[in-house]
Amino acid sequence: MGIFKRYLGKSELFKNVAVLVSGTAIAQAITLLISPVLTRLFTPEDFAVFAQFSAIVSIVGVVAAGRYEMAIVLPKSDSHAEELLFLCVLFSLLSFVVTFLVIIAYDFFFSNDPESYFTNWFYLAPLAVLLSGLYAAFNYWSSRQKTFYLNSAGRVGMALLNAAMSLFFGWLGYAFSGLILGFVLGQLLGVLIMSHKHLLNFLRDIGSLRFSHLKERGIEYKKFPMVNAPHALVDSIQDNGVVFVLSYYFLSPIVAFYAHAFRLLKAPVGLIGSAFYQVSYQKLSQMKNNHENVRPFILSMYKKMFLIGFPFFLPLFLFTPEIFAFIFGEKWLLSGEIAQILIPWIFINFIIAPISCVPLVYGKQTQAFYITIVDILVRFSALILGGMLNDYKLSFIIISAFCSSLLIFALIWYYYIPLNNEVQKNN
(Lines give C-alpha, C1' and ligand atoms only; values in the text may rest on other atoms or scores of the structure.)
Protein backbone atom coordinates (compact mmCIF):
# COMPACT_ATOMS: atom_id res chain seq x y z
CA MET A 1 0.00 0.00 0.00
CA GLY A 2 3.05 2.28 0.29
CA ILE A 3 3.03 3.24 -3.33
CA PHE A 4 -0.61 4.42 -3.06
CA LYS A 5 0.18 6.60 -0.03
CA ARG A 6 3.12 8.10 -1.84
CA TYR A 7 1.17 9.15 -4.92
CA LEU A 8 -2.32 9.70 -3.52
CA GLY A 9 -1.72 11.02 -0.04
CA LYS A 10 -4.04 10.63 2.95
CA SER A 11 -7.14 11.81 1.15
CA GLU A 12 -10.66 10.45 1.08
CA LEU A 13 -9.92 9.31 -2.49
CA PHE A 14 -7.00 7.24 -1.23
CA LYS A 15 -9.03 5.71 1.60
CA ASN A 16 -11.86 4.70 -0.75
CA VAL A 17 -9.49 3.37 -3.40
CA ALA A 18 -7.51 1.53 -0.71
CA VAL A 19 -10.65 -0.24 0.51
CA LEU A 20 -11.64 -1.27 -3.01
CA VAL A 21 -8.11 -2.22 -4.03
CA SER A 22 -7.57 -4.33 -0.92
CA GLY A 23 -10.77 -6.28 -1.53
CA THR A 24 -10.12 -6.65 -5.23
CA ALA A 25 -6.49 -7.61 -4.51
CA ILE A 26 -7.63 -10.43 -2.25
CA ALA A 27 -10.20 -11.54 -4.83
CA GLN A 28 -7.66 -11.50 -7.65
CA ALA A 29 -5.06 -13.23 -5.46
CA ILE A 30 -7.53 -16.03 -4.75
CA THR A 31 -8.22 -16.43 -8.47
CA LEU A 32 -4.54 -16.39 -9.40
CA LEU A 33 -3.48 -18.74 -6.60
CA ILE A 34 -5.96 -21.46 -7.55
CA SER A 35 -5.30 -21.15 -11.32
CA PRO A 36 -2.28 -23.51 -11.26
CA VAL A 37 -4.43 -26.11 -9.51
CA LEU A 38 -7.41 -25.62 -11.84
CA THR A 39 -5.22 -25.97 -14.95
CA ARG A 40 -4.25 -29.40 -13.62
CA LEU A 41 -7.76 -30.46 -12.54
CA PHE A 42 -9.43 -29.33 -15.78
CA THR A 43 -8.34 -29.78 -19.40
CA PRO A 44 -7.99 -26.99 -22.00
CA GLU A 45 -11.16 -28.41 -23.56
CA ASP A 46 -13.01 -27.88 -20.26
CA PHE A 47 -11.79 -24.30 -20.12
CA ALA A 48 -12.92 -23.81 -23.74
CA VAL A 49 -16.52 -24.75 -22.86
CA PHE A 50 -16.41 -22.56 -19.76
CA ALA A 51 -15.03 -19.71 -21.87
CA GLN A 52 -18.12 -19.95 -24.07
CA PHE A 53 -20.43 -19.92 -21.04
CA SER A 54 -18.69 -17.00 -19.33
CA ALA A 55 -18.56 -15.10 -22.64
CA ILE A 56 -22.35 -15.37 -23.01
CA VAL A 57 -22.87 -14.17 -19.42
CA SER A 58 -20.36 -11.35 -19.77
CA ILE A 59 -21.81 -10.06 -23.04
CA VAL A 60 -25.44 -10.06 -21.89
CA GLY A 61 -24.69 -9.33 -18.24
CA VAL A 62 -23.03 -6.01 -18.96
CA VAL A 63 -26.38 -4.62 -20.16
CA ALA A 64 -28.61 -6.73 -17.90
CA ALA A 65 -29.59 -3.73 -15.76
CA GLY A 66 -30.09 -1.48 -18.79
CA ARG A 67 -26.93 0.44 -17.76
CA TYR A 68 -29.09 2.45 -15.40
CA GLU A 69 -26.67 1.30 -12.68
CA MET A 70 -24.14 3.76 -14.12
CA ALA A 71 -26.57 6.61 -13.40
CA ILE A 72 -27.16 5.73 -9.74
CA VAL A 73 -24.28 7.93 -8.51
CA LEU A 74 -25.40 10.98 -10.52
CA PRO A 75 -28.64 12.34 -8.93
CA LYS A 76 -28.38 14.71 -6.00
CA SER A 77 -31.50 13.14 -4.46
CA ASP A 78 -31.27 9.68 -2.86
CA SER A 79 -34.91 9.05 -3.72
CA HIS A 80 -34.16 9.55 -7.42
CA ALA A 81 -31.18 7.23 -7.13
CA GLU A 82 -33.38 4.60 -5.46
CA GLU A 83 -35.81 4.80 -8.36
CA LEU A 84 -32.90 4.10 -10.70
CA LEU A 85 -31.95 1.12 -8.53
CA PHE A 86 -35.47 -0.28 -8.90
CA LEU A 87 -35.28 0.21 -12.67
CA CYS A 88 -32.07 -1.84 -12.62
CA VAL A 89 -33.85 -4.70 -10.85
CA LEU A 90 -36.69 -4.65 -13.39
CA PHE A 91 -34.30 -4.66 -16.34
CA SER A 92 -32.31 -7.50 -14.77
CA LEU A 93 -35.46 -9.62 -14.50
CA LEU A 94 -36.30 -8.83 -18.12
CA SER A 95 -32.78 -9.84 -19.16
CA PHE A 96 -33.24 -13.15 -17.33
CA VAL A 97 -36.40 -13.93 -19.33
CA VAL A 98 -34.91 -12.92 -22.68
CA THR A 99 -31.72 -14.92 -22.11
CA PHE A 100 -33.73 -17.97 -21.06
CA LEU A 101 -35.80 -17.81 -24.26
CA VAL A 102 -32.67 -17.44 -26.39
CA ILE A 103 -31.05 -20.46 -24.72
CA ILE A 104 -34.18 -22.54 -25.39
CA ALA A 105 -34.19 -21.46 -29.05
CA TYR A 106 -30.47 -22.23 -29.46
CA ASP A 107 -30.92 -25.62 -27.81
CA PHE A 108 -33.76 -26.44 -30.21
CA PHE A 109 -32.03 -25.40 -33.43
CA PHE A 110 -28.27 -25.85 -32.91
CA SER A 111 -27.49 -28.11 -29.94
CA ASN A 112 -27.10 -31.16 -32.23
CA ASP A 113 -24.39 -29.46 -34.27
CA PRO A 114 -21.17 -31.48 -33.68
CA GLU A 115 -19.16 -28.23 -33.71
CA SER A 116 -21.37 -26.67 -31.02
CA TYR A 117 -20.09 -26.18 -27.48
CA PHE A 118 -23.66 -26.27 -26.15
CA THR A 119 -24.38 -28.22 -22.99
CA ASN A 120 -27.45 -28.32 -20.74
CA TRP A 121 -25.37 -26.51 -18.13
CA PHE A 122 -25.80 -23.40 -20.31
CA TYR A 123 -29.32 -23.17 -18.86
CA LEU A 124 -27.63 -21.60 -15.86
CA ALA A 125 -26.65 -18.63 -18.06
CA PRO A 126 -29.96 -16.73 -17.53
CA LEU A 127 -29.51 -16.96 -13.75
CA ALA A 128 -25.92 -15.75 -14.10
CA VAL A 129 -27.13 -12.82 -16.22
CA LEU A 130 -29.72 -11.88 -13.58
CA LEU A 131 -27.06 -12.00 -10.87
CA SER A 132 -24.75 -9.86 -13.00
CA GLY A 133 -27.40 -7.17 -13.28
CA LEU A 134 -28.19 -7.21 -9.56
CA TYR A 135 -24.50 -7.17 -8.66
CA ALA A 136 -23.86 -4.15 -10.88
CA ALA A 137 -26.87 -2.27 -9.49
CA PHE A 138 -26.01 -2.76 -5.81
CA ASN A 139 -22.34 -2.19 -6.58
CA TYR A 140 -23.06 1.38 -7.70
CA TRP A 141 -25.67 1.92 -4.99
CA SER A 142 -23.06 0.96 -2.43
CA SER A 143 -20.61 3.39 -4.06
CA ARG A 144 -23.17 6.16 -3.81
CA GLN A 145 -23.67 5.39 -0.13
CA LYS A 146 -19.86 5.24 0.26
CA THR A 147 -20.08 1.79 1.84
CA PHE A 148 -17.04 0.76 -0.17
CA TYR A 149 -16.26 -2.01 2.30
CA LEU A 150 -19.34 -3.84 0.97
CA ASN A 151 -18.05 -3.52 -2.60
CA SER A 152 -14.77 -4.96 -1.39
CA ALA A 153 -16.33 -7.75 0.66
CA GLY A 154 -18.61 -8.71 -2.22
CA ARG A 155 -15.67 -9.22 -4.54
CA VAL A 156 -13.77 -11.28 -1.99
CA GLY A 157 -16.79 -13.44 -1.20
CA MET A 158 -17.53 -14.03 -4.87
CA ALA A 159 -13.93 -15.03 -5.64
CA LEU A 160 -13.60 -17.20 -2.53
CA LEU A 161 -16.75 -19.27 -3.11
CA ASN A 162 -16.03 -19.52 -6.85
CA ALA A 163 -12.56 -20.87 -6.08
CA ALA A 164 -13.72 -23.27 -3.38
CA MET A 165 -16.57 -24.70 -5.46
CA SER A 166 -14.46 -25.00 -8.62
CA LEU A 167 -11.80 -26.90 -6.69
CA PHE A 168 -14.40 -29.09 -5.00
CA PHE A 169 -16.28 -29.98 -8.18
CA GLY A 170 -13.01 -30.45 -10.08
CA TRP A 171 -11.81 -32.85 -7.41
CA LEU A 172 -15.08 -34.76 -7.83
CA GLY A 173 -14.44 -34.97 -11.59
CA TYR A 174 -17.22 -32.64 -12.77
CA ALA A 175 -15.12 -31.32 -15.72
CA PHE A 176 -16.40 -28.04 -17.24
CA SER A 177 -19.62 -28.21 -15.22
CA GLY A 178 -17.54 -27.67 -12.07
CA LEU A 179 -16.22 -24.39 -13.46
CA ILE A 180 -19.74 -23.25 -14.37
CA LEU A 181 -21.22 -24.14 -10.97
CA GLY A 182 -18.39 -22.43 -9.12
CA PHE A 183 -18.87 -19.29 -11.21
CA VAL A 184 -22.64 -19.03 -10.59
CA LEU A 185 -22.46 -19.81 -6.87
CA GLY A 186 -19.73 -17.19 -6.47
CA GLN A 187 -21.93 -14.61 -8.19
CA LEU A 188 -24.81 -15.41 -5.86
CA LEU A 189 -22.72 -14.87 -2.74
CA GLY A 190 -21.31 -11.62 -4.16
CA VAL A 191 -24.82 -10.22 -4.67
CA LEU A 192 -25.94 -11.23 -1.19
CA ILE A 193 -22.93 -9.61 0.46
CA MET A 194 -23.21 -6.44 -1.62
CA SER A 195 -26.92 -5.94 -1.10
CA HIS A 196 -27.69 -7.21 2.40
CA LYS A 197 -27.13 -3.89 4.21
CA HIS A 198 -29.31 -1.95 1.76
CA LEU A 199 -31.84 -4.63 0.84
CA LEU A 200 -34.24 -4.14 3.75
CA ASN A 201 -34.47 -0.39 3.14
CA PHE A 202 -34.94 -1.02 -0.57
CA LEU A 203 -37.74 -3.55 -0.02
CA ARG A 204 -39.38 -1.21 2.49
CA ASP A 205 -39.42 1.65 0.00
CA ILE A 206 -40.78 -0.38 -2.93
CA GLY A 207 -44.35 0.29 -1.82
CA SER A 208 -43.85 4.04 -2.05
CA LEU A 209 -42.37 3.95 -5.55
CA ARG A 210 -44.67 5.29 -8.25
CA PHE A 211 -44.67 4.22 -11.86
CA SER A 212 -44.81 7.85 -12.98
CA HIS A 213 -41.60 8.56 -11.05
CA LEU A 214 -39.88 5.51 -12.51
CA LYS A 215 -40.92 6.61 -15.98
CA GLU A 216 -39.66 10.11 -15.29
CA ARG A 217 -36.31 8.80 -14.08
CA GLY A 218 -36.05 6.43 -17.02
CA ILE A 219 -36.58 9.29 -19.45
CA GLU A 220 -34.22 11.61 -17.58
CA TYR A 221 -31.37 9.11 -17.89
CA LYS A 222 -32.44 7.55 -21.18
CA LYS A 223 -28.98 8.00 -22.67
CA PHE A 224 -27.74 5.12 -20.54
CA PRO A 225 -29.97 2.39 -22.09
CA MET A 226 -30.18 4.07 -25.49
CA VAL A 227 -26.53 5.07 -26.00
CA ASN A 228 -24.38 3.64 -23.24
CA ALA A 229 -26.00 0.17 -23.33
CA PRO A 230 -25.24 -0.43 -27.04
CA HIS A 231 -21.77 0.96 -26.38
CA ALA A 232 -21.23 -1.36 -23.41
CA LEU A 233 -22.66 -4.31 -25.34
CA VAL A 234 -20.32 -3.75 -28.26
CA ASP A 235 -17.48 -3.13 -25.82
CA SER A 236 -18.18 -6.47 -24.14
CA ILE A 237 -18.41 -8.22 -27.49
CA GLN A 238 -14.94 -6.84 -28.22
CA ASP A 239 -13.48 -8.75 -25.29
CA ASN A 240 -15.74 -11.79 -25.10
CA GLY A 241 -16.85 -12.24 -28.71
CA VAL A 242 -13.29 -13.16 -29.62
CA VAL A 243 -13.98 -16.56 -28.03
CA PHE A 244 -16.74 -17.34 -30.55
CA VAL A 245 -14.69 -16.30 -33.60
CA LEU A 246 -11.66 -18.27 -32.40
CA SER A 247 -13.83 -21.35 -31.82
CA TYR A 248 -15.03 -21.11 -35.43
CA TYR A 249 -11.55 -21.04 -36.98
CA PHE A 250 -9.31 -22.87 -34.50
CA LEU A 251 -9.29 -25.92 -32.24
CA SER A 252 -10.68 -25.63 -28.70
CA PRO A 253 -7.23 -25.49 -26.98
CA ILE A 254 -6.50 -22.19 -28.77
CA VAL A 255 -9.79 -20.82 -27.42
CA ALA A 256 -8.80 -21.92 -23.91
CA PHE A 257 -5.26 -20.53 -24.25
CA TYR A 258 -6.55 -17.11 -25.31
CA ALA A 259 -9.28 -16.98 -22.66
CA HIS A 260 -6.79 -17.99 -19.97
CA ALA A 261 -4.20 -15.41 -21.08
CA PHE A 262 -6.72 -12.59 -21.44
CA ARG A 263 -8.31 -13.30 -18.06
CA LEU A 264 -4.97 -13.23 -16.26
CA LEU A 265 -3.75 -10.10 -18.04
CA LYS A 266 -6.97 -8.26 -17.25
CA ALA A 267 -6.48 -9.06 -13.57
CA PRO A 268 -4.35 -5.92 -12.90
CA VAL A 269 -7.00 -3.83 -14.66
CA GLY A 270 -9.65 -5.41 -12.44
CA LEU A 271 -7.44 -5.16 -9.37
CA ILE A 272 -6.40 -1.51 -9.53
CA GLY A 273 -7.98 0.04 -12.62
CA SER A 274 -11.58 -0.82 -11.77
CA ALA A 275 -11.15 0.33 -8.17
CA PHE A 276 -9.78 3.68 -9.34
CA TYR A 277 -12.56 3.84 -11.95
CA GLN A 278 -15.34 3.41 -9.42
CA VAL A 279 -13.98 6.08 -7.09
CA SER A 280 -12.97 8.40 -9.96
CA TYR A 281 -16.46 8.17 -11.45
CA GLN A 282 -18.02 9.33 -8.21
CA LYS A 283 -15.40 12.06 -7.73
CA LEU A 284 -15.54 13.35 -11.32
CA SER A 285 -19.34 13.55 -11.14
CA GLN A 286 -19.05 15.56 -7.94
CA MET A 287 -16.34 17.84 -9.37
CA LYS A 288 -18.43 18.50 -12.48
CA ASN A 289 -21.50 19.33 -10.38
CA ASN A 290 -19.33 21.77 -8.41
CA HIS A 291 -17.92 23.30 -11.63
CA GLU A 292 -14.34 22.38 -10.71
CA ASN A 293 -11.48 21.99 -13.19
CA VAL A 294 -11.02 18.22 -13.64
CA ARG A 295 -8.17 18.18 -16.15
CA PRO A 296 -5.40 18.21 -13.50
CA PHE A 297 -7.13 15.25 -11.86
CA ILE A 298 -7.24 13.36 -15.18
CA LEU A 299 -3.57 14.02 -15.89
CA SER A 300 -2.55 12.98 -12.38
CA MET A 301 -4.46 9.70 -12.78
CA TYR A 302 -2.60 8.94 -16.01
CA LYS A 303 0.73 9.49 -14.27
CA LYS A 304 -0.24 7.39 -11.26
CA MET A 305 -1.46 4.46 -13.35
CA PHE A 306 1.72 4.49 -15.47
CA LEU A 307 3.98 4.51 -12.41
CA ILE A 308 1.98 1.73 -10.77
CA GLY A 309 1.73 -0.47 -13.86
CA PHE A 310 5.11 -0.15 -15.58
CA PRO A 311 7.17 -2.10 -12.98
CA PHE A 312 4.67 -4.96 -13.27
CA PHE A 313 4.06 -5.13 -17.01
CA LEU A 314 7.68 -4.76 -18.19
CA PRO A 315 9.13 -7.90 -16.56
CA LEU A 316 5.93 -9.77 -17.34
CA PHE A 317 6.31 -8.88 -21.02
CA LEU A 318 9.91 -10.11 -21.10
CA PHE A 319 9.31 -13.51 -19.51
CA THR A 320 5.62 -14.35 -19.99
CA PRO A 321 5.89 -17.72 -21.82
CA GLU A 322 8.37 -19.09 -19.28
CA ILE A 323 6.24 -17.82 -16.37
CA PHE A 324 3.08 -19.44 -17.73
CA ALA A 325 4.79 -22.77 -18.43
CA PHE A 326 6.31 -22.88 -14.93
CA ILE A 327 3.17 -21.91 -13.03
CA PHE A 328 0.41 -23.56 -15.05
CA GLY A 329 2.25 -26.45 -16.70
CA GLU A 330 4.05 -26.97 -20.00
CA LYS A 331 0.79 -27.45 -21.91
CA TRP A 332 -0.04 -23.76 -21.20
CA LEU A 333 3.14 -22.41 -22.86
CA LEU A 334 1.15 -21.21 -25.90
CA SER A 335 -1.13 -19.28 -23.57
CA GLY A 336 1.96 -17.41 -22.35
CA GLU A 337 3.00 -16.62 -25.92
CA ILE A 338 -0.43 -15.15 -26.64
CA ALA A 339 -0.26 -13.14 -23.42
CA GLN A 340 3.13 -11.71 -24.38
CA ILE A 341 1.69 -10.37 -27.64
CA LEU A 342 -1.26 -8.73 -25.85
CA ILE A 343 0.64 -7.10 -22.96
CA PRO A 344 1.34 -3.67 -24.61
CA TRP A 345 -2.36 -3.25 -25.35
CA ILE A 346 -3.40 -4.37 -21.85
CA PHE A 347 -0.88 -1.98 -20.26
CA ILE A 348 -2.36 1.05 -22.06
CA ASN A 349 -5.81 -0.24 -21.11
CA PHE A 350 -4.62 -0.28 -17.49
CA ILE A 351 -3.54 3.38 -17.72
CA ILE A 352 -6.77 4.64 -19.24
CA ALA A 353 -9.24 2.48 -17.27
CA PRO A 354 -9.87 4.87 -14.32
CA ILE A 355 -10.67 7.81 -16.61
CA SER A 356 -12.82 5.94 -19.13
CA CYS A 357 -15.85 7.30 -17.24
CA VAL A 358 -15.21 10.84 -18.56
CA PRO A 359 -17.54 10.43 -21.59
CA LEU A 360 -20.31 9.31 -19.21
CA VAL A 361 -19.83 12.28 -16.90
CA TYR A 362 -19.80 14.80 -19.78
CA GLY A 363 -22.47 13.19 -21.97
CA LYS A 364 -20.11 12.06 -24.74
CA GLN A 365 -21.34 8.47 -24.90
CA THR A 366 -22.16 8.70 -28.61
CA GLN A 367 -18.64 9.76 -29.59
CA ALA A 368 -17.14 7.11 -27.32
CA PHE A 369 -19.38 4.56 -29.01
CA TYR A 370 -17.83 5.41 -32.39
CA ILE A 371 -14.39 4.56 -31.00
CA THR A 372 -15.73 1.25 -29.76
CA ILE A 373 -17.19 0.45 -33.20
CA VAL A 374 -13.79 1.03 -34.83
CA ASP A 375 -12.16 -1.12 -32.16
CA ILE A 376 -14.46 -4.09 -32.67
CA LEU A 377 -14.14 -3.89 -36.46
CA VAL A 378 -10.35 -4.05 -36.15
CA ARG A 379 -10.45 -6.96 -33.72
CA PHE A 380 -12.83 -9.13 -35.70
CA SER A 381 -11.17 -8.31 -39.03
CA ALA A 382 -7.86 -9.39 -37.53
CA LEU A 383 -9.39 -12.63 -36.23
CA ILE A 384 -10.98 -13.43 -39.58
CA LEU A 385 -7.73 -12.71 -41.43
CA GLY A 386 -5.76 -14.90 -39.04
CA GLY A 387 -8.40 -17.61 -39.31
CA MET A 388 -8.29 -17.61 -43.10
CA LEU A 389 -4.48 -17.83 -43.01
CA ASN A 390 -4.56 -20.33 -40.13
CA ASP A 391 -2.29 -18.05 -38.11
CA TYR A 392 -3.78 -17.11 -34.76
CA LYS A 393 -0.63 -15.25 -33.66
CA LEU A 394 -1.01 -12.86 -36.61
CA SER A 395 -4.51 -12.04 -35.39
CA PHE A 396 -3.27 -11.15 -31.92
CA ILE A 397 -0.35 -9.07 -33.22
CA ILE A 398 -2.73 -6.95 -35.33
CA ILE A 399 -5.17 -6.61 -32.43
CA SER A 400 -2.46 -5.55 -29.99
CA ALA A 401 -0.93 -2.96 -32.34
CA PHE A 402 -4.11 -1.33 -33.65
CA CYS A 403 -6.05 -1.38 -30.40
CA SER A 404 -3.08 0.16 -28.56
CA SER A 405 -3.06 3.03 -31.05
CA LEU A 406 -6.80 3.53 -30.63
CA LEU A 407 -6.46 3.64 -26.84
CA ILE A 408 -3.73 6.29 -27.09
CA PHE A 409 -6.12 8.41 -29.15
CA ALA A 410 -8.87 7.92 -26.52
CA LEU A 411 -6.42 8.80 -23.75
CA ILE A 412 -5.76 12.19 -25.38
CA TRP A 413 -9.42 12.77 -26.15
CA TYR A 414 -10.54 12.12 -22.55
CA TYR A 415 -8.14 14.82 -21.38
CA TYR A 416 -9.64 17.44 -23.71
CA ILE A 417 -13.34 16.59 -23.20
CA PRO A 418 -13.70 18.82 -20.08
CA LEU A 419 -11.91 21.70 -21.85
CA ASN A 420 -14.19 21.48 -24.88
CA ASN A 421 -17.21 21.34 -22.58
CA GLU A 422 -16.10 24.54 -20.81
CA VAL A 423 -15.50 26.33 -24.13
CA GLN A 424 -19.00 25.41 -25.37
CA LYS A 425 -20.51 26.52 -22.05
CA ASN A 426 -18.76 29.90 -22.14
CA ASN A 427 -19.86 30.47 -25.72
Side-chain angles (χ1 to χ4, degrees), residues 21 24-25 27-36 38-39 44 47-48 50-51 54-55 58-59 62 155 159 162-163 235-243 245-246 253-277 305-306 308-329 331-354 356 375-376 378-379 382-383 386 392-408 410-411:
V21 167
T24 311
Q28 293 290 350
I30 292 169
T31 302
L32 294 175
L33 287 173
I34 69 158
S35 290
L38 294 180
T39 54
F47 277 100
F50 176 66
S54 60
S58 297
I59 289 172
V62 78
R155 292 173 186 177
N162 184 358
D235 205 24
S236 184
I237 290 173
Q238 288 178 120
D239 290 339
N240 300 288
V242 170
V243 168
V245 181
L246 281 176
I254 300 300
V255 179
F257 293 149
Y258 164 77
H260 182 69
F262 188 76
R263 179 176 62 86
L264 291 177
L265 289 180
K266 291 287 281 188
V269 180
L271 168 61
I272 299 175
S274 64
F276 272 98
Y277 173 91
M305 299 308 293
F306 178 86
I308 293 169
F310 187 75
F312 171 80
F313 281 102
L314 179 60
L316 184 63
F317 173 73
L318 295 176
F319 306 108
T320 310
E322 293 80 6
I323 293 172
F324 270 53
F326 175 75
I327 296 177
F328 305 111
K331 63 183 178 181
W332 293 91
L333 178 66
L334 285 179
S335 183
E337 293 178 358
I338 293 172
Q340 190 174 42
I341 295 170
L342 299 178
I343 281 175
W345 165 45
I346 299 295
F347 176 48
I348 301 174
N349 199 317
F350 175 81
I351 294 173
I352 199 173
S356 58
D375 192 309
I376 196 171
V378 169
R379 291 198 206 184
L383 290 169
Y392 64 90
K393 287 188 178 180
L394 175 63
S395 295
F396 295 129
I397 290 171
I398 296 173
I399 288 173
S400 187
F402 277 85
C403 292
S404 294
S405 302
L406 197 60
L407 281 177
I408 291 173
L411 186 148

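The first residue of the sequence shown is numbered 1, and numbering continues consecutively from there.
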**Report entry** Leu316 side chain reached by Ile343 side chain, heavy atoms, under 4.5 Å
**Finding:** yes
Query raised in the report: Can we call the ring centroids of Tyr258 and Phe262 under 6.0 Å apart?
Result: yes
Requested in this report: Supply the atom-to-atom distance Leu411 CG to Ser404 OG, rounded to the nearest 0.5 angstrom.
Outcome: 12.0 Å
Report task. Using atom types as modelled and distance alone, determine if a side-chain donor or acceptor of Ser395 lies under 3.5 Å from a backbone N or O of Ala382. Result -> yes
Query raised in the report: Do the ring planes of Phe324 and His260 sit parallel (below 30°), tilted (30 to 60°) or perpendicular (above 60°)?
Result: perpendicular
Report summary line: One should read off an interatomic distance between Arg263 CZ and Leu32 CG, to the nearest 0.5 angstrom, of 7.5 Å
Requested in this report: Examine distances only and state if a side-chain atom of Ser400 and a backbone atom of Ile397 form a donor-acceptor pair shorter than 3.5 Å.
Outcome: no
Query raised in the report: Can you tell me how far the CE atom of Met305 sits from the CG atom of Asn349, to the nearest 0.5 Å?
Result: 10.0 Å
Requested in this report: Drop me the distance from Ser54's OG to Ile59's CD1, to the nearest 0.5 angstrom.
Outcome: 9.5 Å
Requested in this report: For the residue pair Ile399 and Leu383, establish whether any side-chain heavy-atom pair is separated by less than 4.5 Å.
Outcome: yes
Report summary line: What one should report as the nearest heavy-atom pair of Thr320 and Gly336 is CG2-O, 3.3 Å
**Report entry** Evaluation steps, side chain to side chain contact (heavy atoms under 4.5 Å, CB included), between Ile237 and Ile376
**Finding:** CA-CA 8 Å; Ile237 290 173; Ile376 196 171; 3.4 Å; yes
Query raised in the report: Does Phe347 reach the side chain of Phe310, with side-chain heavy atoms less than 4.5 Å apart?
Result: yes
**Report entry** Interatomic distance, Ile346 atom CD1 to Ile341 atom CD1 [nearest 0.5 angstrom]
**Finding:** 12.5 Å
**Report entry** Close side-chain approach of Leu38 to Phe47, heavy-atom, < 4.5 Å
**Finding:** yes
**Report entry** Point-to-point distance, once rounded to the nearest 0.5 Å, from CG of Leu342 to CZ of Phe317
**Finding:** 11.0 Å
Requested in this report: For the pair Trp332 and Phe257, name the ring-plane relationship: parallel under 30°, tilted 30 to 60°, perpendicular over 60°.
Outcome: perpendicular
Requested in this report: Specify whether Tyr392 and Phe396 have parallel, tilted or perpendicular ring planes, treating 30° as the upper limit for parallel and 60° as the lower limit for perpendicular.
Outcome: perpendicular
Report task. Name all residues meeting the salt bridge (Lys or Arg N to Asp or Glu O under 4.0 Å) criterion together with Lys393; count only those two or more places apart in sequence or in a different chain, and write none if there are none. Result -> Glu337
Query raised in the report: What is the minimum heavy-atom distance between Ala48 and Ala256, and which atoms define it?
Result: N-CB, 4.0 Å
Requested in this report: Check the pair Phe328, Leu264 against side chain to side chain contact (heavy atoms under 4.5 Å, CB included), reporting the backbone distance first and the verdict last.
Outcome: CA-CA 12 Å; Phe328 305 111; Leu264 291 177; 3.3 Å; yes
